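The structure appears right after this line, and notes come after that.
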Amino acid sequence: MGKFNKTRIVLGVTGSISAYKAVSLLRTLVGEGAEVSVVMTAAAKQFVAPLTFEVLSKRPVYGDLFSEQDPMAHLTLTESADLLLIAPSTANTLSKSALGLADDLLSTVILAARCPIVMAPAMDGDMWNHPSVIEHTGTLRNRGVLVLDPEEGDLASGLVGKGRLPSEEVILEAVEASLARQQDWTGQRVLVSAGPTREPIDAVRFMTNGSSGKMGYAIAQAAAQRGADVVLVSGPTLLAPPANVESISVVTAEEMQQALQDRFSWATVLIMTAAVGDFRPRQVATHKIKKDEWVGEALELERTPDILAELSRQRTHQVLVGFAAETDNHIENGKQKLQKKSLDLIAINHVSGLDSAFGNETNALTVLTQSGDVLHLARMPKLLLAQRLLDIILPLTIMKKAGIQKTPNLRSL
Ligand SMILES: Cc1cc2nc3c(=O)[nH]c(=O)nc-3n(C[C@H](O)[C@H](O)[C@H](O)COP(=O)(O)O)c2cc1C
């Protein structure tokens, strides 16, 4: 049985002088059991005949966006694919992908792909160092595309520099790493809470906070992509539930508590990203309170249930991950919450200033564990941050299952 047995890979080949190396790459992938469909750009066909790929992959080669045989190939090709690999990727295809351009089959496939993407660029050194290519590479990496660095060495131009297609060994390693991450959460049952809660004041008014739910949705999405069964309990947000996630909508803190309580014994991991309101009005008017009724009236508040503390008391086998939104004394306040609620890990959001986590597409987190480790996750898109968090949480679940108390040293991650 090969290393890539039954793995479905779409291999995009573009118009680089190194396109011939994709032939050997295809042979290796197929030899290791992968089912590979090849998509070639028009420029790629100037370098290698499609027939070569057709014979080696034992499948038709795709190249025409408006093909009569399969006009929906731009969507269907990656629908069931485990990975989209572009090797070699020209500067042109790389830059088009960053810009979201879709003017041929391969660029449309890249834009439509929901599976992980690995890109192995090959180009002249000056092209690789061009500010535009540097910027587009950064954009793609930020979005989660694994763009490899080209290798140093002799270039087709006769010059020596950085631009050669990464070696087959490196490309295969990247493919393997991307695939391994994909299903490493299989068997885990993940309960995620997300978004704000709303506490009614009267028939039309309510108390809430600025949480957008994006971090929790990103975690739910990433965990589902990596094979976990995921239930997302969400307060009111504008977000669409991620694919393959069971989504439960709630409004108040009490409803959120009930929904989480119902699923808690099922879960192996609880990730509590929701910004649950701490207070609610003691009295809720069933009608809309008139302006005049308010004069001089104070809004009397009472505490909402502390959901995480309560679930922590009931835990049997679950790994508990909390989030803290802090405006100051981040580490100190985070540590206190970690201890008080007996969490395995706490991720601290910084919610003051322009860089506030609330509503932003990107976020930075400080992660603390029971064993005193402190890890700073730099500002990055929330989906990538979610992936990093899952990388950190997974060993905790394995250790918990094995009955090992000490959490791993995160500094080594
Ligand atoms: C002989 C030759 C070699 C080329 N090699 C490369 C290359 O290695 N990398 C690259 O980015 N472009 C290279 N190009 C330019 C691309 O073929 C050109 O930008 C083309 O538009 C790429 O189209 P595609 O991205 O759709 O395949 C080469 C062009 C020629 C004529």
Side-chain angles (χ1 to χ4, degrees), residues 2-94 96-97 101-113 115-124 148 150-151 154-157 163-172 174-176 178-179:
K3 193 159 46 173
F4 299 125
N5 206 30
K6 298 238 178 303
T7 306
R8 287 152 304 184
I9 296 175
V10 175
L11 172 62
V13 183
T14 67
S16 154
I17 189 72
S18 61
Y20 71 95
K21 294 182 185 171
V23 175
S24 160
L25 182 63
L26 172 64
R27 284 194 69 163
T28 309
L29 290 169
V30 171
E32 291 289 349
E35 295 166 5
V36 187
S37 299
V38 177
V39 180
M40 298 180 78
T41 63
K45 291 179 189 167
Q46 297 288 327
F47 293 87
V48 185
L51 184 62
T52 311
F53 291 109
E54 197 168 316
V55 171
L56 292 174
S57 68
K58 303 187 188 75
R59 280 153 196 267
V61 167
Y62 297 82
D64 192 357
L65 184 57
F66 299 101
S67 145
E68 277 176 17
Q69 287 150 299
D70 191 356
M72 296 308 282
H74 61 288
L75 300 179
T76 52
L77 266 170
T78 54
E79 244 166 32
S80 57
D82 298 303
L83 188 87
L84 172 58
L85 169 64
I86 322 292
S89 174
T90 54
N92 176 56
T93 293
L94 183 152
K96 281 201 309 192
S97 312
L101 299 178
D103 61 354
D104 65 1
L105 181 62
L106 182 59
S107 52
T108 312
V109 165
I110 295 171
L111 195 59
C115 60
I117 304 176
V118 174
M119 229 178 226
M123 62 194 75
D124 172 69
L148 299 171
E151 286 186 358
D154 296 334
L155 301 173
S157 59
R164 288 167 65 88
L165 182 72
S167 70
E168 192 171 302
E169 202 186 337
V170 169
I171 295 174
L172 293 173
V175 167
E176 217 177 335
S178 280
L179 291 169

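If you read the sequence from its start, that first residue is 1, and numbering goes on from there. Computed from a predicted model, the values in this text were never measured in an experiment.
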With side chain to side chain contact (heavy atoms under 4.5 Å, CB included) as the test, would you mind laying out the steps for Leu165 and Ile171 before giving the verdict? CA-CA 9 Å; Leu165 182 72; Ile171 295 174; 4.1 Å; yes
Applying side chain to side chain contact (heavy atoms under 4.5 Å, CB included), name anything that partners Asn5, two or more places apart in sequence or on another chain. Met1
Side-chain contact, heavy-atom cut-off 4.5 Å: Leu179 with Asp82? yes
What one should report as the nearest heavy-atom pair of Ala174 and Val118 is CB-CG1, 4.1 Å
A side-chain contact here means heavy atoms from C-beta on lying under 4.5 Å apart; do Val61 and Thr52 qualify? no
Is any NZ, NE, NH1 or NH2 atom of the basic residue among Glu54 and Arg59 found under 4.0 Å from an Asp or Glu carboxylate oxygen of the other? no
Does the side chain of Val10 come within less than 4.5 Å of Leu83's, by heavy atoms? no
Euclidean distance, Thr78 OG1 relative to Arg8 CZ, rounded to 0.5 Å: 11.5 Å
Evaluate the side chain to side chain contact (heavy atoms under 4.5 Å, CB included) criterion for residues Leu94 and Met119: first the C-alpha distance (whole Å), next the side-chain angles of each, then the deciding distance (0.1 Å), finally the verdict. CA-CA 8 Å; Leu94 183 152; Met119 229 178 226; 4.2 Å; yes
Take Phe4 and Leu172 through the test side chain to side chain contact (heavy atoms under 4.5 Å, CB included) and record every step on the way to the result. CA-CA 10 Å; Phe4 299 125; Leu172 293 173; 4.0 Å; yes
Of all heavy-atom pairs between Pro166 and Pro121, which one has the smallest distance, and what is that distance? CD-O, 3.4 Å
Hey, are Asp104 and Lys96 close enough for a salt bridge, meaning a charged N less than 4.0 Å from a carboxylate O? yes
Can you tell if the side chain of Leu84 reaches within under 4.5 Å of the side chain of Ile9, non-hydrogen atoms only? no
Search all heavy atoms of Gly15 against all heavy atoms of Thr41 and return the closest pair with its distance. N-OG1, 3.5 Å
For residues Ala73 and Leu105, report the shortest heavy-atom separation together with the two atoms involved. C-CD1, 4.4 Å
Please give me the minimum heavy-atom distance between Leu11 and Ala22, naming the atom from each residue. CD2-O, 4.2 Å
Heavy atoms, side chains only, cut-off 4.5 Å: are Met72 and Asp70 in contact? yes
Quick one: do the Thr14 and Ser16 side chains pair a donor with an acceptor below 3.5 Å? no
State, yes or no, whether a side-chain contact exists between Val23 and Leu26 at a heavy-atom distance under 4.5 Å. no
Roughly how far apart are Phe47 CZ and Met40 CE, rounded to 0.5 Å? 10.5 Å
Decide side chain to side chain contact (heavy atoms under 4.5 Å, CB included) for Glu176 and Lys3; before the verdict, give the C-alpha distance in whole Å, the side-chain angles of both, and the deciding distance to 0.1 Å. CA-CA 8 Å; Glu176 217 177 335; Lys3 193 159 46 173; 3.4 Å; yes
Closest heavy-atom pair and its distance - Lys45, Gly63: NZ-CA, 3.9 Å
When you measure from the side chain of Thr108 to the backbone N and O of His74, does any donor-acceptor pair fall under 3.5 Å? no
Between Glu35 and Thr7, do the side chains contain a donor N or O and an acceptor N or O under 3.5 Å apart? no
Straight-line distance of Glu168 CD to Leu29 CG, nearest 0.5 Å: 7.5 Å
Answer whether the closest heavy-atom distance between the side chains of Ser37 and Leu77 falls below 4.5 Å. yes
Is there a donor-acceptor pair closer than 3.5 Å between any side-chain N or O of Arg164 and the backbone N or O of Ala122? no
Answer whether the closest heavy-atom distance between the side chains of Ser167 and Glu151 falls below 4.5 Å. yes
Mind checking the CD1-OG1 spacing from Ile17 to Thr90? Nearest 0.5 Å is all I need. 13.0 Å
Checking Ser107 side chain against Asp103 main chain: does a donor-acceptor pair fall under 3.5 Å? yes
